[in-house]
Amino acid sequence: MPAVSFANDVLPILSRFRGQMMWRFDMNSYEQVKANADLIWKRISDPGNPMPPPPFPPLPRHQIETFQNWIRDGCQP
Ligand code: HEM
């Protein structure tokens, strides 16, 4: 199975929220998402302090797992 990649797997999850997070980091930027990967993981997987915030629904389980697997595979571009 190929490693999880930013371009194929992670970017499609994050890109629709890009505009609203631009003040902090560019979620279309591989380098910036990689640099913030642990923080992003913490927030998308924390129902008590979630990102995206309400009224957005939390990311579905499989997308959270994709992001976790991307970190596991070493944040491939
Ligand atoms: C999947 C989508 C999103 C991800 C991965 C994400 C990620 C994050 C992360 C990692 C932080 C913490 C930044 C820090 O501590 O320096 C944060 C904060 C924040 N985000 Fe997002 N975000 C997403 C969507 C959104 C959307 C859609 C909005 C607005 C409509 C938003 C508004 C904010 C605000 C206001 C903060 C600062 C307050 C706080 O930390 O709770 N984010 N986000």
Side-chain angles (χ1 to χ4, degrees):
M1 207 167 119
V4 179
S5 83
F6 182 75
N8 293 331
D9 307 298
V10 171
L11 186 56
I13 296 172
L14 299 182
S15 58
R16 77 186 173 101
F17 301 104
R18 172 179 185 249
Q20 283 137 315
M21 283 301 301
M22 276 300 275
W23 60 273
R24 175 60 176 82
F25 50 80
D26 181 354
M27 294 205 291
N28 281 17
S29 158
Y30 166 69
E31 292 300 338
Q32 292 190 34
V33 173
K34 185 179 175 184
N36 291 282
D38 288 339
L39 187 58
I40 292 170
W41 156 248
K42 214 168 100 188
R43 294 297 296 267
I44 62 176
S45 62
D46 179 1
N49 193 18
M51 281 293 146
F56 294 92
L59 296 181
R61 186 74 236 161
H62 72 273
Q63 293 188 346
I64 296 173
E65 282 168 9
T66 295
F67 195 83
Q68 185 177 28
N69 292 339
W70 180 62
I71 294 175
R72 177 203 64 198
D73 289 348
C75 299
Q76 300 303 314

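Both counts, for ligands and for their atoms, begin at 1 and track the order of listing. Residue numbers start at 1 and run along the sequence shown.
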For ligand 1, indicate whether the residue [X] contacts it via side chain, backbone, both or neither (heavy-atom separation under 4.0 Å).
X	result
N36	neither
K42	neither
F67	neither

request  = Considering only protein heavy atoms, determine whether one is less than 4.0 Å from atom 38 (C) of ligand 1.
outcome  =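 Within 4.0 Å of atom 38 (C) of ligand 1, no protein heavy atoms are found.
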
inquiry  = Among all protein heavy atoms in this structure, tell me which lies nearest to atom 15 (O) of ligand 1, with the distance rounded to 0.1 Å.
reply    = L39 CD2, 3.8 Å

query = Identify the closest protein heavy atom to atom 34 (C) of ligand 1: which residue and atom is it, and at what distance?
reply =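 So the nearest neighbour among protein heavy atoms is W23 CZ2, 3.5 Å.
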
query = Using the ring of each side chain (for Trp, its six-membered ring), is W70 parallel, tilted or perpendicular to F6, with breaks at 30° and 60°?
reply = tilted

[X] side-chain N/O to [Y] backbone N/O, donor-acceptor pair under 3.5 Å:
X	Y	value
Y30	L11	no
D73	V4	yes
N36	Q32	yes

inquiry  = Show the nearest heavy-atom pair for residues S5 and P77, with the distance to one decimal.
reply    =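 The pair with the smallest heavy-atom distance is CB-C, 4.0 Å.
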
Side chain to side chain, [X] and [Y], heavy atoms closer than 4.5 Å:
X	Y	value
F67	L59	no
P58	I44	no
I71	W41	yes
N28	L14	no

request  = Spell out the protein N/O/S atoms under 2.8 Å from atom 21 (Fe) of ligand 1 as residue plus atom name.
outcome  = M21 SD, M51 SD

inquiry  = I need the atoms of ligand 1 closer than 4.0 Å to a non-hydrogen atom of I44, numbered in the order shown.
reply    =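 Those of ligand 1 that fall under 4.0 Å from I44 are 5 (C).
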
ask   = Should you measure from each heavy atom of I40, which atoms of ligand 1 turn up under 4.0 Å away?
value = 5 (C), 10 (C)

query = Of all residues at least two apart in sequence or in a different chain, which pass the salt bridge (Lys or Arg N to Asp or Glu O under 4.0 Å) check with D26?
reply =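 Checked D26 against salt bridge (Lys or Arg N to Asp or Glu O under 4.0 Å); matches are R18.
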
ask   = Considering only heavy atoms, which of M27, R16, R18 lies nearest to atom 3 (C) of ligand 1?
value =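 Shortest heavy-atom distance from atom 3 (C) of ligand 1: M27.
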
